[in-house]
Amino acid sequence: MVEGESKALWIILATVFAVAAVAPAVHGQQTPCYFVFGDSVFDNGNNNALNTKAKVNYLPYGIDYFQGPTGRFSNGRNIPDVIAELAGFNNPIPPFAGASQAQANIGLNYASGAGGIREETSENMGERISLRQQVNNHFSAIITAAVPLSRLRQCLYTINIGSNDYLNNYFLSPPTLARRLFNPDQYARSLISLYRIYLTQLYVLGARNVALFGIGKIGCTPRIVATLGGGTGCAEEVNQAVIIFNTKLKALVTDFNNKPGAMFTYVDLFSGNAEDFAALGITVGDRSCCTVNPGEELCAANGPVCPDRNKFIFWDNVHTTEVINTVVANAAFNGPIASPFNISQLVN
């Protein structure tokens, strides 16, 4: 991967991080509850009991997390962990799997590694929880706990979904049914059409303060560079398809903001320029920090890892390190990568 391309990957500007890093400490919880939906970028343990390849409840995952390996696809905290801290929560939002009934009053994480917008996405990985099922789990949780609608309307909701619909569906080899049926524009339209249905269900269930994370430059991940990029650079075909999806997702945010009481926002993980990551000491963007066996994308169990995780963008061949997750979360909460609202405006 070209160094400049790797540095552009997650749209993080050194100036944004500097501002966020010196932001005053939060005193008190800013929102009554926080609900998390999405894929492996947000998953914190929902896949641990599933029969799936998308499961990371083993070292070296969690090597820098206070509880060790939990099912987070990183060396430490993930993006929702940091957002919860910034919003004043004393504890991380727990996974839906195994959580107490009462926890629905404070927040739950429904995200699932390999989860997608389309039901068939990631069939190659085994069991996973699609966005449709995550919304169903949320409905079940809030009904069982009898969480008041007035409370739910004040909660924060963050959703990161769609990457697997490309990585583990549209761009799989041999070509999937979706690839044979749709050109990139038609495919993005099919994804957004389903996304609209699930977001409408969440809105009916009370969701008003919602941050939708766009898809990042997944064509520049080590996994895709090694395969569709020919080992030399970003797979532009993948990134161009993602741009189409993100454009339609922004329009979806605008549509939902026409609904009564809605404050939806789009978090841009794609657009960024090659600002100097060296200012943050993040200098390695072309390979994983952990040991990944040939042809795999996740860390080898108990394999060696790089000694300084803060220098690496990628933890494994797809997912980012805690330092990148922290920068992204800060930039979404306080900075300019969320539009038309940043997340701090959603919780206030």
Side-chain angles (χ1 to χ4, degrees), residues 5 8-11 36-43 79 111-125 128 130-132 134-135 157-173 175-202 210-221 223-225 227-229 234-257 264-272 318-320 328 332 337-340:
E5 290 172 334
L9 184 58
W10 292 100
I11 107 168
V36 178
F37 301 80
D39 54 26
S40 56
V41 175
F42 279 14
D43 186 0
I79 293 169
S112 169
I117 298 169
R118 291 178 68 92
E119 286 297 304
E120 81 276 10
T121 287
S122 301
E123 282 178 338
N124 57 311
M125 302 294 285
R128 69 275 172 214
S130 66
L131 183 58
R132 178 188 66 81
Q134 290 178 36
V135 174
Y157 302 74
T158 59
I159 309 176
N160 184 94
I161 200 90
S163 294
N164 289 308
D165 294 287
Y166 289 93
L167 293 175
N168 288 317
N169 191 335
Y170 196 72
F171 286 108
L172 275 183
S173 182
T176 59
L177 179 63
R179 183 67 180 271
R180 298 196 298 269
L181 288 178
F182 301 120
N183 65 34
D185 187 75
Q186 292 167 335
Y187 188 60
R189 198 176 304 137
S190 83
L191 294 176
I192 294 297
S193 177
L194 287 169
Y195 210 162
R196 182 187 299 274
I197 291 169
Y198 305 137
L199 289 174
T200 300
Q201 291 172 344
L202 286 175
V210 184
L212 303 181
F213 283 65
I215 303 176
K217 285 193 175 79
I218 55 175
C220 299
T221 57
R223 167 189 162 180
I224 297 301
V225 169
T227 53
L228 300 177
C234 300
E236 286 308 320
E237 180 187 18
V238 177
N239 285 342
Q240 289 303 313
V242 165
I243 288 171
I244 297 169
F245 173 86
N246 284 342
T247 301
K248 295 184 190 302
L249 184 60
K250 284 183 233 179
L252 188 62
V253 165
T254 301
D255 287 351
F256 270 88
N257 280 332
F264 278 58
T265 198
Y266 170 77
V267 181
D268 186 351
L269 297 181
F270 190 99
S271 301
V318 174
H319 306 100
T320 46
V328 170
I337 74 171
S339 176

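Values in this document were obtained by computation on a predicted structure and should not be read as measured data.
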query = Would R189 and I192 count as a side chain to side chain contact (heavy atoms under 4.5 Å, CB included) if you check the C-alpha gap in whole Å, the side-chain angles of each, and the deciding distance to 0.1 Å?
reply = CA-CA 5 Å; R189 198 176 304 137; I192 294 297; 5.9 Å; no
task = Find out whether N124 and L172 are in side-chain contact, i.e. whether some heavy atom of one side chain is under 4.5 Å from a heavy atom of the other.
result = yes
ask   = Under a 4.5 Å cut-off applied to non-hydrogen side-chain atoms, are H319 and S40 in contact?
value = yes
Stepwise side chain to side chain contact (heavy atoms under 4.5 Å, CB included) test for I79 and T158 = CA-CA 10 Å; I79 293 169; T158 59; over 6 Å; no
task = Answer with yes or no whether the side chains of N164 and N169 bring together a donor and an acceptor at under 3.5 Å.
result = no
ask   = Any side-chain heavy-atom pair from F270 and N239 closer than 4.5 angstrom?
value = yes
query = Would D39 and S163 satisfy side chain to side chain contact (heavy atoms under 4.5 Å, CB included), going step by step from the backbone distance to the final call?
reply = CA-CA 8 Å; D39 54 26; S163 294; 4.0 Å; yes
request  = Please find out if less than 6.0 Å separates the ring center of F37 from that of Y198.
outcome  = no
ask   = Hey, what do you get for OG1 (T221) to CG (L228), rounding to the nearest 0.5 Å?
value = 9.0 Å
message = Counting C-beta onward and ignoring hydrogens, is there a side-chain heavy-atom pair between V253 and K250 closer than 4.5 Å?
response = no
Residues forming a side-chain contact (heavy atoms from CB on, under 4.5 Å) with S190, sequence neighbours excluded = R118, F182, Y187
query = What heavy-atom pair brings N257 and P340 nearest, and what distance separates the two atoms?
reply = ND2-CG, 3.8 Å
ask   = How would you list, by chain and number, every residue that makes a side-chain contact (heavy atoms from CB on, under 4.5 Å) with T227, sequence neighbours excluded?
value = I224
query = Atom CD1 in I218, atom CG in L269: separation rounded to 0.5 Å?
reply = 11.0 Å
key: Heavy-atom pair with the smallest gap, counting every atom of P184 and Y170   = N-OH, 3.3 Å
task = Please report the closest heavy-atom contact between S122 and A114, naming both atoms and the distance.
result = OG-O, 2.7 Å
query = Any idea how Y195 and F245 line up, ring-wise: parallel (<30°), tilted (30 to 60°), or perpendicular (>60°)?
reply = parallel
Student check: side-chain heavy atoms of R196 and D255 closer than 4.5 Å = yes
remark   = Here the pair of heavy atoms bringing G115 nearest to I161 is O-CD1, 3.7 Å
query = How close do E119 and R128 get, heavy atom to heavy atom, and via which atoms?
reply = O-NH2, 2.8 Å
request  = Drop me the distance from L131's CG to L194's CG, to the nearest 0.5 angstrom.
outcome  = 9.0 Å
ask   = What distance separates C234 SG from Q240 CD, expressed to the nearest 0.5 Å?
value = 11.0 Å
query = If every non-hydrogen atom of N246 is compared with every non-hydrogen atom of G214, which pair is closest and at what distance?
reply = OD1-CA, 3.5 Å
message = Using side chain to side chain donor-acceptor pair (under 3.5 Å), reason through T121 and D165 one step at a time and then give a plain yes or no.
response = CA-CA 6 Å; T121 287; D165 294 287; 2.7 Å; yes
message = Counting C-beta onward and ignoring hydrogens, is there a side-chain heavy-atom pair between T176 and E120 closer than 4.5 Å?
response = no
query = For the ring pair (Phe, Tyr, Trp, His ring centres under 6.0 Å) test, which of F213, Y157, F256 pairs with F264?
reply = F256
request  = Kindly compute the distance separating CD1 (I197) from CD1 (I117), expressed to the nearest 0.5 Å.
outcome  = 11.5 Å
ask   = Below 4.5 Å, heavy atoms only, C-beta onward: do S339 and D268 meet side chain to side chain?
value = no
task = Test side chain to side chain contact (heavy atoms under 4.5 Å, CB included) on L252 and K248 and set out the steps.
result = CA-CA 6 Å; L252 188 62; K248 295 184 190 302; over 6 Å; no
